Amino acid sequence: MVTKIQAAVHFIRSIYSENPTVGIVLGSGLGSFTAQMKIEKEIPYADIPHFPVSTVEGHSGKMIFGELGGKKVIAMAGRFHYYEGYTVEEVVFPIRVMKFLGIQTLLLSNAAGGMNIDYTVGDLMVIKDHISFFTPNPLIGKNVDEWGPRFPDMSEPYSKKLIAAAKSIAKEKGIDLKEGVYCGVTGPTFETRAEYKFLHVIGGDAVGMSTVQEVIVAVHMGMTVFAISVITDLGIREEENIITHAEVLEAASKAEPKLTYLFKELIAQL
Ligand code: HPA
């Protein structure tokens with residue numbers, strides 16, 4: 001694993017020599033975010049040694065280097081989901097690569113199903129905490145002590161400081177920003193009615209098929225993390241309510257301008 005990461009980092013550095021400090025992972029239907037960036041270099045995942053290749057519709061699969069909010073950033077357009085058949089190591093590989101490229105702050109976005117009855121489709125939810133028990137922990141196996149501790153603290157995986165900053169940016173702009181707990185599940189099935197209810201009862205406000213494994217690795221490696229869910233469907237509703245991937249992508253892209261604004265302003269304040 002260590003040598004694979006080194007090979008990927010070495011390759012990227014041979015193409016792009018700047019030192020970005022902010023990493024951004026873009027979720028389903030949220031890829032056009034990068035139109036806001038001053039793009040300096042794009043590297044398709046397929047070109048990077050040992051990088052998995054994304055297969056899902058709505059994920060273009062490249063690392064984009066450039067400037068946003070006055071900072072050098074790396075944006076990952078497309079991420080690797082466990083349900084695609086990647087190993088957990090593959091899912092978190094890009095996060096480790098970003099760490100070795102010098103990334104200190106990681107911003108993540110995702111599409112998620114809302115379970116909190118106060119939520120509506122198109123809402124943005126700042127993730128204040130997560131429940132990751134339904135997906136394999138990416139730190140299982142021999143610990144690399146130079147990367148982080150064997151038993152990492154998880155009392156504040158999402159930076160309270162960045163959450164507070166995002167809330168004040170949203171308030172000023174009149175964006176209704178929810179704040180809640182994200183449940184990470186494997187997918188690829190959307191949840192049954194009973195499952196949505198269960199996840200809500202145990203404390204979840206939103207549910208999705210990504211993010212938690214990436215966040216665990218980022219926290220382990222000492223990165224500052226901030227994440228936002230775009231609520232794309234409401235599984236908890238009792239009435240007839242069939243959820244489709246197309247609906248998720250559409251709702252995500254509609255909410256994208258709000259998300260882009262928040263990320264950009266947040267990065268400017270870092
Ligand atoms: N469940 C799980 N993942 C999701 C959902 C959902 O309802 N919506 C978008 N991603």
Side-chain angles (χ1 to χ4, degrees), residues 1-2 4-5 8 23-28 30 45 48 50-56 58-59 61 63 74-101 103 105-113 125-144 147-159 180-191 195 199 202-230 248:
M1 177 62 84
V2 178
K4 283 183 180 175
I5 291 164
I24 304 160
V25 181
L26 301 167
S28 302
L30 299 166
Y45 295 155
I48 306 172
H50 310 295
F51 236 71
V53 176
S54 186
T55 58
V56 187
H59 296 255
M63 265 191 161
I74 303 176
M76 279 187 59
R79 53 149 63 95
F80 304 103
H81 302 87
Y82 191 59
Y83 65 75
E84 292 176 86
Y86 298 114
T87 63
V88 199
E89 286 75 24
E90 288 174 317
V91 170
V92 300
F93 186 81
I95 308 297
R96 297 205 187 284
V97 168
M98 283 204 271
K99 170 71 185 182
F100 282 98
L101 287 171
I103 296 304
T105 306
L106 186 66
L107 312 187
L108 306 103
S109 61
N110 60 51
M125 182 193 90
V126 172
I127 303 181
K128 67 174 178 191
D129 206 346
H130 74 219
I131 297 172
S132 71
F133 290 157
F134 309 109
T135 59
N137 193 302
L139 302 182
I140 290 173
K142 192 174 174 330
N143 189 55
V144 180
W147 289 355
R150 170 74 293 188
F151 300 107
D153 172 67
M154 278 284 156
S155 59
E156 193 190 324
Y158 303 88
S159 162
V181 173
Y182 175 92
C183 292
V185 294
T186 64
T189 43
F190 291 116
E191 290 64 40
E195 287 165 345
L199 294 172
I202 63 164
D205 296 295
V207 53
M209 306 173 196
S210 66
T211 306
V212 291
Q213 292 167 320
E214 296 155 336
V215 168
I216 288 170
V217 162
V219 170
H220 179 243
M221 293 181 111
M223 290 159 137
T224 301
V225 174
F226 175 83
I228 284 196
S229 290
V230 178
V248 166

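The model shown is predicted, which means the values in this text are computed figures rather than measured ones.
Atom NZ of Lys99 and atom CE of Met223 lie 6.0 Å apart (nearest 0.5 Å). Of the inter-residue distances, the one linking Met76 atom CE with Ile103 atom CD1 reads 11.5 Å to the nearest 0.5 angstrom.
Two residues are said to be in side-chain contact when any heavy atoms from C-beta on lie closer than 4.5 Å; Lys128 and Val181 meet this criterion. At least one side-chain heavy atom of Ser229 sits under 4.5 Å from a side-chain heavy atom of Ile127. Counting heavy atoms from C-beta outward, Val97 and Ile48 have side chains that stay 4.5 Å or more apart.
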Could you list the donor-acceptor pairs under 3.5 angstrom formed between side-chain atoms of residues 132-142 and any protein atom two or more places apart in sequence or on another chain?
unit_1: Thr135; atom_1: OG1; unit_2: Ser132; atom_2: O; d: 3.3
unit_1: Asn137; atom_1: OD1; unit_2: Leu139; atom_2: N; d: 2.9

Criterion side chain to side chain contact (heavy atoms under 4.5 Å, CB included) on Lys4 and Glu89, from CA distance to verdict: CA-CA 11 Å; Lys4 283 183 180 175; Glu89 286 75 24; over 6 Å; no

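For the side-chain contact (heavy atoms from CB on, under 4.5 Å) test, residues two or more places apart in sequence or in another chain that qualify with Pro188 are Tyr83. Gln213 meets the side chain to side chain donor-acceptor pair (under 3.5 Å) test with no other residue; sequence neighbours excluded. Here Phe93 pairs with Phe51 under the ring pair (Phe, Tyr, Trp, His ring centres under 6.0 Å) rule; sequence neighbours left out. Partners of Glu191 by side-chain contact (heavy atoms from CB on, under 4.5 Å), not counting sequence neighbours, listed by chain and number: Val185, Glu195, Tyr196, Leu199, Val207. Remark: Tyr158 pairs with His130 by the ring pair (Phe, Tyr, Trp, His ring centres under 6.0 Å) rule, at least two apart or across chains. In terms of the side-chain contact (heavy atoms from CB on, under 4.5 Å) criterion, residue partners of Thr105 (sequence neighbours excluded) are, by chain and number, Leu107, Leu162, Thr224, Leu270.
Residue Tyr82 qualifies as open at atom OH: its count of foreign heavy atoms under 6.0 Å is 12 or below.
Across Thr211 and Asn110, no two heavy atoms sit closer than the pair OG1-ND2, 2.8 Å.
The salt bridge (charged side-chain N to carboxylate O under 4.0 Å, His left out) pairs that include a residue from residues 205-227 are Arg79-Glu214, where partners are two or more places apart or lie in different chains.
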